[in-house]
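Here the structure is laid out as structure tokens; the discussion comes afterwards.
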Amino acid sequence: MKLDTSVSPSKIVCVGRNYAEHAKELGNEIPKAPLLFLKAPSAIIANGEAIVIPSQSDQVEHEGELAVVIGRDCKDIRDEDDPFKYVLGYTCLNDVTARDIQRADIQFTRGKSFDTFCPVGPHIETELDVFDLRVMTKVNGVIKQDGRTSQMVFPVDFLIRYISRQMTLKAGDLIATGTPSGVSKMTTDDVCEVMVEGIGTLTNPVKSSTDTFVRSKL
């Protein structure tokens with residue numbers, strides 16, 4: 001199913017430090033419960049569109065992830081209920097992060113929500129067993145992240161239930177399930193690829209805000 005990024009979700013719910021090695025590489029403890037934060041829907045871009053490095057940051061990093069696309073509204077999913085019946089499908093997502101801003105602010109909103117900081121695509125896969133999928137990120141063809149969803153601290157079904165008990169999930173909402181270790185800085189003219197087994201490859205070039213401004217004036 002083609003992913004139409006012109007339709008914005010009501011929210012993008014992200015799960016931080018959901019891979020133990022990623023938590024360790026940033027000097028953090030493994031959370032005892034899912035660490036949730038929100039990313040602005042205005043950050044969404046499609047496959048092929050450019051990630052723009054803002055002038056405010058000197059350390060913009062990729063975070064390749066499996067994303068869940070909610071298919072119908074749900075709230076307070078019970079233990080005995082199947083959370084997957086509320087899922088439309090799955091896609092690739094890059095939780096682009098201005099790491100220096102994230103660290104300076106303590107909370108995540110600004111460092112995660114710049115325009116273009118949420119590439120998603122290239123499409124939605126509606127039939128997929130998400131328990132043990134390879135999640136890999138390449139920059140300029142070089143593998144930077146390489147993990148499996150079976151390494152998640154909190155698996156996908158647990159996350160859907162847990163999040164539904166904190167807030168109503170609306171049809172079209174996205175859940176970014178966390179990123180493997182290996183995050184690294186991206187620079188102008190890089191090409192970042194996020195690959196999730198069974199889905200495909202999300203590819204985005206990287207541009208500077210200065211370059212984008214100059215092009216807009218031409």
Side-chain angles (χ1 to χ4, degrees), residues 1-15 18-19 34 36-49 51 62-96 116-138 145-180 192-204:
M1 180 185 296
K2 184 178 180 181
L3 183 62
D4 183 1
T5 54
S6 66
V7 180
S8 294
S10 74
K11 53 189 168 294
I12 304 163
V13 186
C14 302
V15 184
N18 199 29
Y19 287 75
L36 304 182
F37 60 92
L38 297 177
K39 199 173 179 82
S42 55
I44 290 178
I45 58 172
N47 182 58
E49 294 186 311
I51 298 166
H62 56 79
E63 293 193 9
E65 311 195 10
L66 168 72
V68 179
V69 184
I70 297 300
R72 58 192 181 100
D73 294 5
C74 57
K75 179 177 174 59
D76 294 328
I77 300 175
R78 298 174 299 178
D79 289 342
E80 60 270 26
D81 290 340
D82 178 11
F84 292 112
K85 70 182 182 182
Y86 299 100
V87 173
L88 173 64
Y90 308 91
T91 193
C92 307
L93 184 147
N94 192 345
D95 177 22
V96 180
T116 77
F117 269 29
C118 191
V120 290
H123 58 264
I124 299 171
E125 177 57 54
T126 56
E127 299 292 334
L128 193 64
D129 182 347
V130 295
F131 175 71
D132 187 29
L133 301 176
R134 189 180 189 186
V135 180
M136 181 169 59
T137 304
K138 293 182 179 180
Q145 296 180 273
D146 195 357
R148 303 196 70 86
T149 56
S150 55
Q151 299 168 332
M152 289 181 179
V153 178
F154 305 101
V156 173
D157 55 342
F158 183 94
L159 292 174
I160 298 170
R161 285 194 186 93
Y162 182 84
I163 294 167
S164 80
R165 295 170 183 177
Q166 321 305 319
M167 64 193 82
T168 299
L169 288 167
K170 308 291 288 185
D173 284 353
L174 296 173
I175 298 174
T177 59
T179 197
C192 187
E193 299 172 279
V194 175
M195 288 154 278
V196 178
E197 184 179 359
I199 297 176
T201 302
L202 168 66
T203 303
N204 299 92

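A donor-acceptor pair under 3.5 Å is formed between the side chain of His123 and the backbone N or O of Ile199. The closest donor-acceptor contact from the side chain of Thr201 to the backbone of Glu193 lies at 3.5 Å or more, if one exists at all. Checked by atom type and distance alone, the side chain of Arg148 pairs as donor or acceptor with a backbone atom of Asp132 at under 3.5 Å. Listed for the Asp73 side chain is a donor-acceptor partner under 3.5 Å among the backbone atoms of Ala171. Formation of a donor-acceptor pair under 3.5 Å by the Gln145 side chain with backbone atoms of Met136 is not found in this model. With hydrogens and angles disregarded, a donor-acceptor distance shorter than 3.5 Å links the side chain of Glu49 to the backbone of Ala46. The closest donor-acceptor contact from the side chain of Glu125 to the backbone of Glu127 lies under 3.5 Å. The main-chain N or O of Gly121 is found under 3.5 Å from a side-chain atom of Thr91 such that the two form a donor-acceptor pair.
Using a 4.5 Å cut-off on side-chain heavy atoms (C-beta onward), Ile12 and Ile44 make contact. Counting heavy atoms from C-beta outward, Asp95 and Lys39 have side chains that approach closer than 4.5 Å. Side-chain contact between Phe158 and Pro83 is absent, with no heavy atoms from C-beta onward closer than 4.5 Å. Put simply, the side chain of Val194 does not reach to within 4.5 Å of the side chain of Leu93, judged on heavy atoms. A heavy-atom distance below 4.5 Å is found between the side chains of Ile175 and Ile163. The shortest distance between side-chain heavy atoms of Tyr90 and Val69 does not fall below 4.5 Å. Under the 4.5 Å side-chain criterion, counting only non-hydrogen atoms from C-beta, Thr177 is not in contact with Thr149. By the 4.5 Å heavy-atom criterion applied to side chains, Asp82 and Ile77 are not counted as neighbours.
The nearest pair of heavy atoms linking Lys85 to Arg72 is O-NE, 3.3 Å. Between Ser10 and Asp173, the shortest heavy-atom contact is OG-OD1, 2.6 Å. Among all heavy-atom pairs drawn from Gly64 and Thr137, the shortest one is CA-OG1, 3.4 Å. Counting all heavy atoms, side chain and backbone alike, Leu36 lies closest to Met167 at CD1-CE, 4.5 Å. Of all heavy-atom pairs spanning Cys92 and Gly200, the tightest one is SG-O, 3.5 Å.
Within the model, atoms CG of Leu133 and CE of Met152 stand 8.5 Å from one another, a figure rounded to the nearest 0.5 Å. Summarising the geometry, atom CG belonging to Asn47 is positioned 5.5 Å from atom CG belonging to Leu202; distances are rounded to the nearest 0.5 Å. Remark: Lys11 NZ to Leu174 CG distance equals 10.5 Å, nearest 0.5 Å. Atom-to-atom distance recorded for Ile70:CD1 and Tyr86:OH is 10.5 Å, nearest 0.5 angstrom. Between atom CD of residue Glu197 and atom CG of residue Asp129 there is a gap of 10.0 Å, rounded to the nearest 0.5 Å. Taking NZ from Lys75 and NZ from Lys170, the interatomic distance works out to 10.5 Å, rounded to the nearest 0.5 Å.
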For this session: Would you sort out whether Val135 and Tyr19 count as a side-chain contact (heavy atoms from CB on, under 4.5 Å), showing the intermediate values?
Result: CA-CA 11 Å; Val135 180; Tyr19 287 75; 4.1 Å; yes
For this session: Carefully, step by step, assess Met195 and Lys138 under the rule side-chain contact (heavy atoms from CB on, under 4.5 Å).
Result: CA-CA 8 Å; Met195 288 154 278; Lys138 293 182 179 180; 3.4 Å; yes
Problem set entry | Phe84 and Asp157: CA distance, side-chain angles, deciding distance, side-chain contact (heavy atoms from CB on, under 4.5 Å) verdict | CA-CA 7 Å; Phe84 292 112; Asp157 55 342; 3.7 Å; yes
For this session: Step by step, work out the side-chain contact (heavy atoms from CB on, under 4.5 Å) result for Leu66 and Val130.
Result: CA-CA 9 Å; Leu66 168 72; Val130 295; 4.0 Å; yes
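The pair Arg78-Asp81 meets the salt-bridge criterion, since a charged nitrogen lies less than 4.0 angstrom from a carboxylate oxygen. Between Arg165 and Asp76 no salt bridge is recorded (no basic side-chain N to carboxylate O distance below 4.0 Å).
Under 3.5 Å, the side chains of Thr179 and Glu63 contain no donor-acceptor pair of N or O atoms.
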